[in-house]
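Note sheet for the following structure.
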Amino acid sequence: MSWHEEFGDAFRGERVLVSGATGFIGRPLCEALLSLGADVHGVARCAEHGVTGVVPWSIDLREAPQVDAVCAQIRPSFIFHLAAQVTARQERELIRPMLEHNLLGSVNLLTAVMQQRCRRFVFVGSGEEPAGEMRMAVPSSPYTAAKTAASLYARMFQQVYQLPVTIVRPFLTYGPRQEPTKLIPYTIRKLLRGESPQLASANRLCDFIHVTDIVRGMLWAAVQAGIEGETFDLGTGEVVSIRAAVEMVARIIGAAAPVQFSPSPDRANEPPLIANLESSRRLLGWEPRWTLEAGLRATIDWYVGQHETSQATRRCA
């Protein structure tokens with residue numbers, strides 16, 4: 001199904017602001033919005049490196065005057081806030097950067113658009129945030145703590161100031177163009193070069209979701225009526241261990257090199273990650289289309305193309 005078959009003219013002619021427009025999820029979101037006829041404005045620290053057709057705005061969301069000025073010029077109908085620094089690492093040095101980028105930057109953007117009559121502000125949280133029965137759990141990293149606090153602020157802006165916010169929580173997302181150090185691209189690239197990926201014990205259970213399904217969920221969160229203030233999980237509702245996902249990648253590739261797992265334990269305080277899709281199906285009208293194996297095959301095919309192009313370039317150099 002094409003973007004137009006699913007969303008029709010919902011975004012045609014609408015002015016849309018996407019923060020984090022040059023990122024792993026921001027790029028395909030911008031591409032989808034452009035194909036739907038939207039006037040897309042991409043906000044990022046280096047926005048000029050974004051998608052062709054997107055109006056670039058290079059700003060630092062930590063600087064409130066910059067954010068205020070840009071939002072006043074764009075005056076968007078829809079806002080998708082993806083910009084964040086993402087890492088599950090637990091080093092102390094990450095506490096302040098996560099606070100500034102992921103909490104202060106979010107609050108600055110929420111404040112800047114509070115007086116504007118946008119139709120929907122789609123706030124992108126994280127599947128790492130404690131939720132449901134885990135809501136009182138201690139966040140497992142500076143990133144998770146900052147994202148949890150930012151989501152609380154987003155809900156406050158909706159309830160107290162009537163900003164039409166909807167929150168989506170992507171789970172462990174994978175797909176083309178992801179940062180090379182992330183689990184799936186790191187594993188694929190290593191195996192395609194005939195090298196052995198070096199991974200931790202990889203026993204944690206995670207909900208893997210293809211990036212295209214995340215984009216679909218975000219678009220539905222923007223246009224579905226009557227869901228302001230709601231939070232929606234974007235995952236498959238099924239979990240596999242990181243070890244099993246990596247071994248599936250190796251099997252699909254037919255890799256000769258073995259995957260090497262460290263005997264060291266996983267990071268402390270990391271519970272299983274699994275999406276609860278009840279409200280996503282009932283209120284958002286969304287559910288994932290990609291199985292893990294189909295999504296990994298498509299992702300591997302993309303990286304194979306990149307690998308072959310890179311080898312051909314080196315041979316011609």
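If you read the sequence from its start, that first residue is 1, and numbering goes on from there.
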Is there a continuous path of hydrophobic side-chain contacts, each under 4.5 Å between heavy atoms, that joins Leu17 to Phe157? yes
Which label fits His210 and Tyr174: parallel for a plane angle under 30°, tilted from 30 to 60°, or perpendicular past 60°? perpendicular
Return the minimal non-hydrogen interatomic distance between Ala245 and Leu296, and the atom names on each side. O-CD1, 4.1 Å
Sub-3.5 Å donor-acceptor pair from the side chain of Ser151 to the main-chain atoms of Thr148, do we have one? no
Pairwise side-chain contact, Thr52 with Leu34, heavy-atom cut-off 4.5 Å (strictly under): no
Give a yes or no answer on whether the side chain of Asn102 reaches the backbone of Tyr143 with a donor-acceptor pair at less than 3.5 Å. no
Between Gln115 (side chain) and Ala112 (backbone), is there a donor-acceptor pair under 3.5 Å? no
Verify same cluster id: Val240, Leu205 (apolar side-chain graph, 4.5 Å): no
Do Val124 and Val113 belong to the same hydrophobic cluster, where Ile, Leu, Val, Met, Phe, Trp and Tyr are linked whenever their side-chain heavy atoms lie under 4.5 Å apart, directly or via other members? no
Tell me if a side-chain donor or acceptor on Gln260 pairs with a main-chain N or O of Pro258 at a distance below 3.5 Å. no
Between His41 and Val43, does a side chain to side chain contact (heavy atoms under 4.5 Å, CB included) hold up when you go through it step by step? CA-CA 7 Å; His41 294 251; Val43 171; 5.8 Å; no
Starting at CE of Met218, measure out to OG1 of Thr166 and round the result to the nearest 0.5 Å. 11.5 Å
Write down the atom of Pro76, the atom of Cys71, and the distance for their closest heavy-atom approach. CD-O, 4.1 Å
Under 3.5 Å, side chain of Arg15 to main-chain N/O of Ile74, donor-acceptor pair present? yes
I'd like to know if Leu273 and Leu292 are part of one continuous hydrophobic network [Ile/Leu/Val/Met/Phe/Trp/Tyr, side-chain heavy atoms within less than 4.5 Å]. no
Determine, stepwise, if the pair Arg155 / Ile167 fulfils side chain to side chain contact (heavy atoms under 4.5 Å, CB included). CA-CA 8 Å; Arg155 288 197 287 272; Ile167 300 173; 3.5 Å; yes
Backbone of Ala83 reached by a side-chain donor or acceptor of Ser19 within 3.5 Å: yes
Is any side-chain heavy atom of Leu191 closer than 4.5 Å to a side-chain heavy atom of Pro197? yes
Give the intermediate values and the outcome of side chain to side chain contact (heavy atoms under 4.5 Å, CB included) for residues Val165 and Leu110. CA-CA 9 Å; Val165 174; Leu110 287 160; 4.2 Å; yes
Between Ser77 and Cys118 (side chain of the first, backbone of the second, donor and acceptor by atom type, cut-off under 3.5 Å), is there such a pair? no
Does the Tyr161 side chain pair with the main chain of Thr111, one donor and one acceptor, at a distance under 3.5 Å? no
Flag, side chain of Asp207 to backbone of Gly235, donor-acceptor distance under 3.5 Å: no
Thinking salt bridges, do Arg169 and Asp233 make one under a 4.0 Å N-O criterion? yes
CZ of Arg96: more than 12 outside heavy atoms within 6.0 angstrom? no
Could you measure the distance from the CD atom of Glu100 to the CD atom of Glu63? Nearest 0.5 Å is fine. 9.5 Å
Would a 4.5 Å heavy-atom cut-off, applied to side chains only, mark His81 and Leu61 as touching? yes
Which heavy atom of Pro28 sits nearest a heavy atom of Gly23, and at what distance? CD-O, 4.3 Å
Any chance you could measure Ile214, atom CD1, to Phe24, atom CZ, to the nearest 0.5 Å? 8.5 Å
Assigning hydrophobic clusters by single linkage (Ile, Leu, Val, Met, Phe, Trp, Tyr; side-chain heavy-atom cutoff under 4.5 Å), is Ile79 placed with Ile59? yes
CZ of Arg281 to CD of Glu287, rounded to nearest 0.5 Å, is 5.0 Å
Thr299 side chain to Arg297 backbone, donor-acceptor under 3.5 Å: no
Just so I know, are the side chains of Trp57 and Gln73 near enough to count as touching, which here means a heavy-atom distance under 4.5 Å? yes
Is the shortest side-chain heavy-atom distance between Thr144 and Ser126 below 4.5 Å? no
Closest non-hydrogen atom pair between Ile253 and Leu192, with its separation: CG2-CD2, 4.2 Å
Should the pair Arg120-Glu14 be classified as a salt bridge under the 4.0 Å nitrogen-to-oxygen rule? no
Over all atoms of both residues, closest heavy-atom pair of Gly175 and Val211: CA-CG1, 4.2 Å
For Thr181 and Glu179, test the side chains for any donor-to-acceptor distance below 3.5 angstrom and give the result as yes or no. yes
Heavy-atom count check: over 12 atoms from other residues, nucleotides or ligands less than 6.0 Å from Tyr153 OH? no
Would you call Glu230 and Arg282 a salt bridge, taking side-chain N to carboxylate O under 4.0 Å as the test? no
Can you tell me how far the OG1 atom of Thr173 sits from the NZ atom of Lys182, to the nearest 0.5 Å? 10.5 Å
Point-to-point distance, once rounded to the nearest 0.5 Å, from CD1 of Ile274 to CD of Glu238: 8.0 Å
Walk me through it: do Phe208 and Ile184 pass the test side chain to side chain contact (heavy atoms under 4.5 Å, CB included)? CA-CA 10 Å; Phe208 290 83; Ile184 297 301; 4.3 Å; yes
May I ask you to check whether over 12 heavy atoms, not counting those of Arg45, lie within 6.0 Å of atom CZ? no
Are Val259 and Glu247 side-chain neighbours, meaning at least one heavy-atom pair lies under 4.5 Å? no
Can you name the closest pair of heavy atoms from Ala10 and Arg119 and give their distance? O-NH1, 4.4 Å
Salt-bridge present (Glu31, Arg27; N to O < 4.0 Å): no
Are Tyr303 and Gln178 packed together at the side-chain level, in the sense that at least one heavy-atom pair is separated by less than 4.5 angstrom? yes
With a 4.5 Å limit on heavy-atom distance, are the side chains of Leu283 and Gln224 in contact? no
So among Phe78, Phe11, Trp286, which one has a side-chain contact (heavy atoms from CB on, under 4.5 Å) with Leu219? Phe11
